[in-house]
Number of protein chains: 2
Amino acid sequence: MGKLDFPPIADTTRRAEIAALLRRAILTGQLEPGQKLNELRIAEQMQVSRAPLREAMRELVQEGILTSIPYAGTFVIDVTAKDIDDAYSLNKVLDEFAIELTWPLRDQRFFDELDRRHEAVKQATRDRDTTRQIETALQLHGLIHEWADNSVLLETWQRLTSRLQMYFALHQRARKEPVPAEDIHETYAQLLKGADMGAAQRHAREHIDLDFEELFAYARSLEQRDSKGARADRAGPTRNRPDGS
Amino acid sequence: MGKLDFPPIADTTRRAEIAALLRRAILTGQLEPGQKLNELRIAEQMQVSRAPLREAMRELVQEGILTSIPYAGTFVIDVTAKDIDDAYSLNKVLDEFAIELTWPLRDQRFFDELDRRHEAVKQATRDRDTTRQIETALQLHGLIHEWADNSVLLETWQRLTSRLQMYFALHQRARKEPVPAEDIHETYAQLLKGADMGAAQRHAREHIDLDFEELFAYARSLEQRDSKGARADRAGPTRNRPDGS
DNA sequence: AGAAAACAGATTGTCGACAATCTAACAAGA
DNA sequence: TCTTGTTAGATTGTCGACAATCTGTTTTCT
């Protein structure tokens with residue numbers, strides 16, 4: 001039988017491409033938290049009009065990585081230690097739920113995909129490509145959410161992931177050093193192949209704790225910096241701030 | 001001490017008002033699932049241009065109650081039985097988590113607010129105002145999520161709530177009869193005031209099960225109707241369907 | 001000098017018009 | 001008759017210009 005699954009064709013609207021560009025810039029930390037997005041300037045740089053740009057920004061606002069103040073501007077969300085902590089604790093709950101749903105649905109294709117993603121993380125680690133390392137690690141994590149066959153859960157996790165990715169990128173940028181190179185996902189992958197669901201769930205929690213340990217140090221440093229009022233170097237939501245002059 | 005909390009002033013952009021109007025129309029079931037939103041027509045009805053309307057629609061797309069197909073149109077999301085089931089099961093998990101977080105934070109203000117919202121449900125029930133009954137019941141449910149002091153959880157729950165409210169409204173519309181009038185929230189409120197957190201969590205599950213029981217019947221009826229292909233009466237995402245002629 | 005009012009510059013919000021694309025109906029050919 | 005190509009109508013996507021609003025500065029008055 002001539003089975004051949006064609007992939008859906010790409011979205012060919014400027015809006016979608018603009019949104020993707022902005023999203024990537026934010027999640028990789030190229031656009032810093034609190035920074036204001038000047039519509040005119042960005043539109044000129046991207047060679048598009050403001051209409052699709054504004055629509056794309058509206059999407060990112062709802063995605064939770066931008067925040068908009070009418071007649072004042074649209075800003076990259078500010079990252080507080082509490083935000084990171086909140087996202088992290090909810091992530092634990094979702095992971096546990098995802099494992100529970102995925103468990104009876106595991107099959108050979110699942111294991112293959114698990115290995116594939118695990119391999120991608122190891123490859124990025126070997127390449128010392130920290131950005132890609134973050135991306136692939138989150139994709140490995142995401143497998144259980146994709147496999148759980150619960151669209152609402154998946155959607156929720158993806159929203160959460162956006163922020164986590166942003167937090168990790170910021171952390172990595174703040175350190176300006178490569179991320180730990182050991183393979184901390186080996187046990188995780190093994191447990192997902194095993195027979196003890198409870199063990200997998202428990203490890204997911206510990207595993208995440210391990211991953212996030214350094215992130216928390218970064219979060220706490222943020223907390224202290226902010227409380228000292230030493231944020232004049234960042235372009236916060238102070239209205240009408242001249243950008244480059 | 002002159003303590004006085006001023007409320008934030010209203011968003012005075014057309015975009016925000018349009019989004020609110022559309023959201024309400026969708027969540028109350030006035031706009032049916034699958035229905036296409038004609039930009040020109042709506043813009044004329046609302047007496048605004050398409051720009052703010054389109055931006056508002058982009059927001060609702062990200063909120064998950066609209067879905068957009070480039071160059072084809074924007075449609076109210078289709079409701080399947082699985083969607084309802086997925087949302088419901090995730091809701092249980094979130095509720096359990098919210099109770100856990102809220103538990104140590106309960107104080108007099110919490111109890112007062114709990115009573116206030118509970119009273120609002122009873123009032124709506126007495127008034128036989130089914131739409132408001134749904135709204136207030138969800139607000140009562142939402143208290144633990146607001147109180148949990150986890151912004152990501154709250155945001156997640158609010159997204160979920162949008163859909164639940166839509167599902168309930170559809171269900172209620174399908175029945176064309178008043179919703180059960182008994183006070184099924186009494187035990188819930190009492191347990192939230194008590195000392196046994198586990199009991200509250202367990203009841204939250206059972207309580208929701210009770211609330212959703214009829215909704216599931218509706219969901220299953222949807223499933224059967226769709227599988228029979230008897231959906232010609234609804235305006236599905238068939239492109240370029242003439243609207244009123 | 002200090003406070004209030006008016007102004008100027010810049011940016012966001014909105015509008016109306018045009019271009020790109022889709023769908024359905026119709027025509028042409030095998 | 002069925003398939004393929006063309007066309008017409010309608011709708012969405014995009015653009016450039018104008019209006020509304022905000023912030024910082026200057027001016028005016030006491």
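Naming: A, B, ... by sequence-line order, numbering from 1 per chain. Computed from heavy atoms alone, side chains included, the values below leave out hydrogens, waters and symmetry copies.
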(request) For A:Glu17 and D:dG13, give me the distance from atom CD to atom P, rounded to whole Å. (result) 14 Å
(message) Between P on C:dT11 and CG on A:Leu53, what's the gap in Å once rounded to a whole number?
(response) 14 Å
(message) If you only use heavy atoms from C-beta on, which nucleotide in C:dT11, C:dT14, D:dG13 is closest to the side chain of B:Tyr71?
(response) D:dG13
(message) Whole angstroms only, please: what is the CD1-P distance between B:Ile69 and C:dT21?
(response) 17 Å
(request) Please state how far atom CD in B:Glu55 lies from atom C1' in C:dC15, giving the value in whole angstrom units. (result) 12 Å
(request) Could you tell me the separation between the CD atom of B:Glu44 and the C1' atom of D:dT11, rounded to a whole number of Å? (result) 13 Å
(message) Is the shortest side-chain heavy-atom distance between A:Leu101 and A:Ile144 below 4.5 Å?
(response) no
(request) Under 4.0 Å between any heavy atoms, over every strand shown, what does A:Arg14 touch: base, sugar-phosphate, or nothing? Just pick one. (result) sugar-phosphate
(request) Round to a whole Å and report the spacing from CZ of A:Arg58 to C1' of D:dG13. (result) 17 Å
(message) What's the closest nucleotide to the side chain of A:Pro52 if the choices are D:dT12, C:dT14, D:dC15?
(response) D:dC15
(request) Check for a donor-acceptor pair, side chain of B:Trp147 on one end and backbone N or O of B:Leu105 on the other, with a separation under 3.5 Å. (result) yes
(message) Using OP1 and OP2 only, check whether a side-chain N or O of B:Arg41 sits under 4.0 Å from D:dT12.
(response) no
(request) Send over the distance from B:Asn38 CG to C:dC22 P, rounded to a whole Å. (result) 18 Å
(request) Would you mind telling me which residue lines up with the more 5' stretch of DNA chain C, B:Arg50 or A:Arg50, judged by nearest nucleotide? (result) A:Arg50
(message) Quick one, A:Leu170 and A:Pro33 - any side-chain contact, counting heavy atoms below 4.5 Å?
(response) yes
(message) Categorize B:Leu37 for me: base, sugar-phosphate, or nothing, with a 4.0 angstrom heavy-atom threshold over every strand shown.
(response) sugar-phosphate
(request) Answer with yes or no whether the side chains of B:Gln133 and B:Asp129 bring together a donor and an acceptor at under 3.5 Å. (result) no
(message) By the 4.0 Å heavy-atom rule, please label A:Arg15 as base, sugar-phosphate, or nothing.
(response) sugar-phosphate
(message) Measuring to OP1 and OP2 of D:dG13, would you say a side-chain N or O of B:Arg54 lies under 4.0 angstrom away?
(response) yes
(message) Tell me the interatomic distance from B:Leu66, atom CG, to D:dT12, atom P, rounded to whole angstroms.
(response) 13 Å
(request) Would you tell me if any nitrogen or oxygen in the side chain of B:Ser49 comes within less than 4.0 Å of OP1 or OP2 on C:dC15? (result) yes
(message) Checking contacts here: which listed nucleotide (C:dG13, D:dC15, D:dG13) is nearest the side-chain heavy atoms of A:Glu39?
(response) C:dG13
(message) Side chain of A:Lys36, heavy atoms from C-beta onward: which of C:dT11, D:dT14, C:dC22 has the nearest atom to it?
(response) C:dT11
(request) Indicate yes or no for a side-chain donor-acceptor contact from B:Asp86 to the backbone of A:Val152 under 3.5 Å, with no hydrogens or angles considered. (result) no
